Number of protein chains: 2
Amino acid sequence: MLTRDSGPQPADFADVRATNLAVVLRHLRTDAPCSRADIAAATGLNKATVSSLVTDLIERRLVREVGMTENRIGRPAMMLVLDGSPYAAIGLEVNADYLTAVVLDLAGERLLSWRRSFTGAASSPGQAIASLAALAKRVLAKVTREERRVLGLTVGVPGLVDADGVVELAPNLGWREVDLRKSLLTALNQPSYPLLVENDANLAVLAEQRFGGQGATADLVYLAGGAGIGAGIICDGRLLRGGRGFAGEFGHLPIDPAGPLCGCGRRGCLEAMAGLGALIRRALPETTASPSEFGPHVDEIHQLAKAGDPRVLEALAATGRYLGQGIAILANLLNPECVALGGYFTVLAPWLIPDAERELLAGSVAGHGGGTRVIASALDSSAPAAGGAAHILDAIDAGALPTP
Amino acid sequence: MLTRDSGPQPADFADVRATNLAVVLRHLRTDAPCSRADIAAATGLNKATVSSLVTDLIERRLVREVGMTENRIGRPAMMLVLDGSPYAAIGLEVNADYLTAVVLDLAGERLLSWRRSFTGAASSPGQAIASLAALAKRVLAKVTREERRVLGLTVGVPGLVDADGVVELAPNLGWREVDLRKSLLTALNQPSYPLLVENDANLAVLAEQRFGGQGATADLVYLAGGAGIGAGIICDGRLLRGGRGFAGEFGHLPIDPAGPLCGCGRRGCLEAMAGLGALIRRALPETTASPSEFGPHVDEIHQLAKAGDPRVLEALAATGRYLGQGIAILANLLNPECVALGGYFTVLAPWLIPDAERELLAGSVAGHGGGTRVIASALDSSAPAAGGAAHILDAIDAGALPTP
DNA sequence: TTTGTTTGTTTAGAAGCCCAACTAAAGGCT
DNA sequence: AGCCTTTAGTTGGGCTTCTAAACAAACAAA
């Protein structure tokens, strides 16, 4: 069956071809290097069909032959791999205090990983977009110098992004109703490659799915710990966006009606209880935490935790408990297989997970937390940008091959 | 494009054919009666292809010609409709106090709607399964007498159901680890049609999507109000089941840590605050509510609300507020377009919705509640069984046509 | 050298789509 | 009445692309 949910779109031979090209490409992504015969055996496609498909992919420079096997009975096989070299997928991220850029080749190898500091909260949207466009241009220039074709560019933003790439609301950037996609299209001179804008946690979960080592987890959540706490949610293998693209606002789950005031105006939101601001206040009460200095404070907490400082350990345990209460809500509603603690939570995860898991087990209706595991993300702060690039690769893997 | 997420499955001509047959079938479901030319124009398929597909569908007795148009310029068109008569899709539901059965024909017309009282909570799983199998056999006998072919049978259960049709936990039935699918397969003599077991709220949301008049809402939640409160969730057009099929446990969202004790052992779960038991206690404090007598109590509350009884109105308003808090959590995490109040909530919805919407607006991060609307379900208590039958039709619409 | 194994290509066949031309069956106009 | 216009549906040919089966190529083992 070709499609069980393609809506009203009829199919023709071109669709068969595109589907099968994508099947071969995906097989090579996961099992390279392998021969045409291997692909035929693994996919069920006819050997002749595989030969035809591989010829096509080689002509499009998506696949490359890398030499023969030796010392085996029978005719030696010509091994195939994805050919990353002629293409590049670009991911960018705007955040309150930095911009990041990641470029992947077709095979998923990281070609570039830049991070530059940036005063997002202090800038106007126009200034921020200019900085972002400047970074994009530097990246594009480097990619072009290497004679790579750009497959697409995705920008992650810490806020609500609608389906047209308009940032409805990004509190930490001070943005509201910013048409980021349109502005960037203009700044980059109406490029021919796809340019997308997405929520940063949504992109991070794509990166976690592709690079996080959780295998082919079809139901995965990434929690982006920072001043706020965003969630990127993958259900049944697909990113969950909701009707208007505003899904995943994990940080505003109500945890304690008598809790501290949250930036959104309510009391006791999860991020007011378990966000970095609250953690720093609890762990380092002498410090006055400002969002632009989270990094050093997290390092300090990390060091003190390793040294066994009791106040820090208790602060982390409390944060883990609140997080666990939020994760229990996720588990009851979405029953994910895995929740990855990302952002600033990643390095602190060893001290957060035990208490979070305890709350999860206590708070979930299904036994054993419905099978939900809590883990530390395998990624660093480049996750959203890497996910942006991975998002482009996902489209390729799904069959949207670049035209030859 | 045939499929963007069909996994590793390659495609061939049979898939193209199946896809296009399904496209024609779906068009006829929504736009019948219409002519071959209409279908070609609407779907983009070639006229010749549509003729061939329609011939095929008529041979399979899925489609019927119903006569010519008249009084129009040009050659009269032969109008086509879905031919419901040779097929039947069966949905059953087990609940604490009743069993229901619904049979739909291929066109979605209701052929049968049975309800019989039943003491689920008082019976052992074996007795309950025997009653259910007896009902199924009566339904099957009737369908067979009408010379209809059974397309499939789906059973709804108020509890956690895993992917293999094992009921892990159904508190209101007193079930734990009951392999309902296997038992029914045996009782029905290993039938050749598909037999599925699903959570009742999951089936109800399928019914709401198909029959509820919300059009093609791709992000929809159905809240099944009873002793507990289950949620059936459709995201991006697909049922959300989670990693082990345990998603949608809306009733155990924590609302008030100091609230009343819930059946699950915690305090202040949404269903302990806003379930029917709590509503009846607040609205009719003289009564001692037992789950098997919810129906009459709801009727009484409904009458008193219409009469303007202040205590009942306040009880309903409180229930609406708690529900709204839960819906706000849904809106922040999933951003559905629409939340339908079902089960016993349906008739009370006019008194619940205003307060629920107020809480939703107050509790959602995105403006205007992220666009989420709260409505009364258009369906009655047969919704899960109807959804079970609709689930079979969904598979047909997706291309799994019955073999000729 | 012969035999067996494995790889990948070639050739023929079939399925099923699209296009274009055709037939069919009406209403409208002179 | 006769012809034109309009719309519906069929027919035949061409095209793409899958499959199956035969075949050629390259090597190891005997």
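Note: hydrogens, waters and symmetry copies are ignored here, and every other heavy atom, side chains too, is used. Here is the naming used below: chain letters follow the sequence lines, and residue numbers restart at 1 for every chain. Predicted, not measured: the structure shown is a model, and the values here were computed from it.
Every side-chain contact (heavy atoms from CB on, under 4.5 Å) that A:V81 has, sequence neighbours left out, goes to A:A32, A:P33, A:R64, A:V66. Partners of A:R210 under the side chain to side chain donor-acceptor pair (under 3.5 Å) rule, at least two apart in sequence or in another chain, are A:D394, A:D397. Checked against side chain to side chain donor-acceptor pair (under 3.5 Å), B:E109 has no partners two or more places apart in sequence or in another chain. Partners of B:T217 by side chain to side chain donor-acceptor pair (under 3.5 Å), not counting sequence neighbours: none found.
The phosphate of D:dG9 has OP1 or OP2 within less than 4.0 Å of a side-chain N or O from B:S35.
Side chain to side chain, A:S192 and A:R149 fail the donor-acceptor criterion of an N or O pair below 3.5 Å. Residues A:T43 and A:R26 bring no donor and acceptor atom of their side chains to less than 3.5 Å of each other.
Considering only heavy atoms from C-beta on, A:L21 comes within 4.5 Å of A:L57 through its side chain.
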Pull out every protein N or O sitting under 3.5 Å from an N or O of nucleotides 21-27 of chain C, one pair per line with the distance.
from	atom 1	to	atom 2	distance (Å)
C:dA25	N3	B:R75	N	3.4

With the criterion being N/O to N/O and under 3.5 Å, what pairs connect the protein with nucleotides 12-17 of chain C, and how long is each?
from	atom 1	to	atom 2	distance (Å)
C:dC17	OP1	B:N20	ND2	3.3
C:dC17	OP2	B:R17	NH1	2.7

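B:R148 places a side-chain N or O within donor-acceptor distance of the main-chain N or O of B:G84, the cut-off being under 3.5 Å.
Rounded to whole Å, the distance from CG on A:L57 to C1' on D:dT17 is 15 Å. In this structure, A:R36 atom CZ and D:dA25 atom P are separated by 16 Å, rounded to whole Å.
The pairing partner recorded for D:dA30 is C:dT1, the criterion being a Watson-Crick or G-U wobble arrangement whose two distances lie under 3.5 angstrom.
Counting non-hydrogen atoms under 4.0 angstrom, B:A40 reaches nothing in the nucleic acid.
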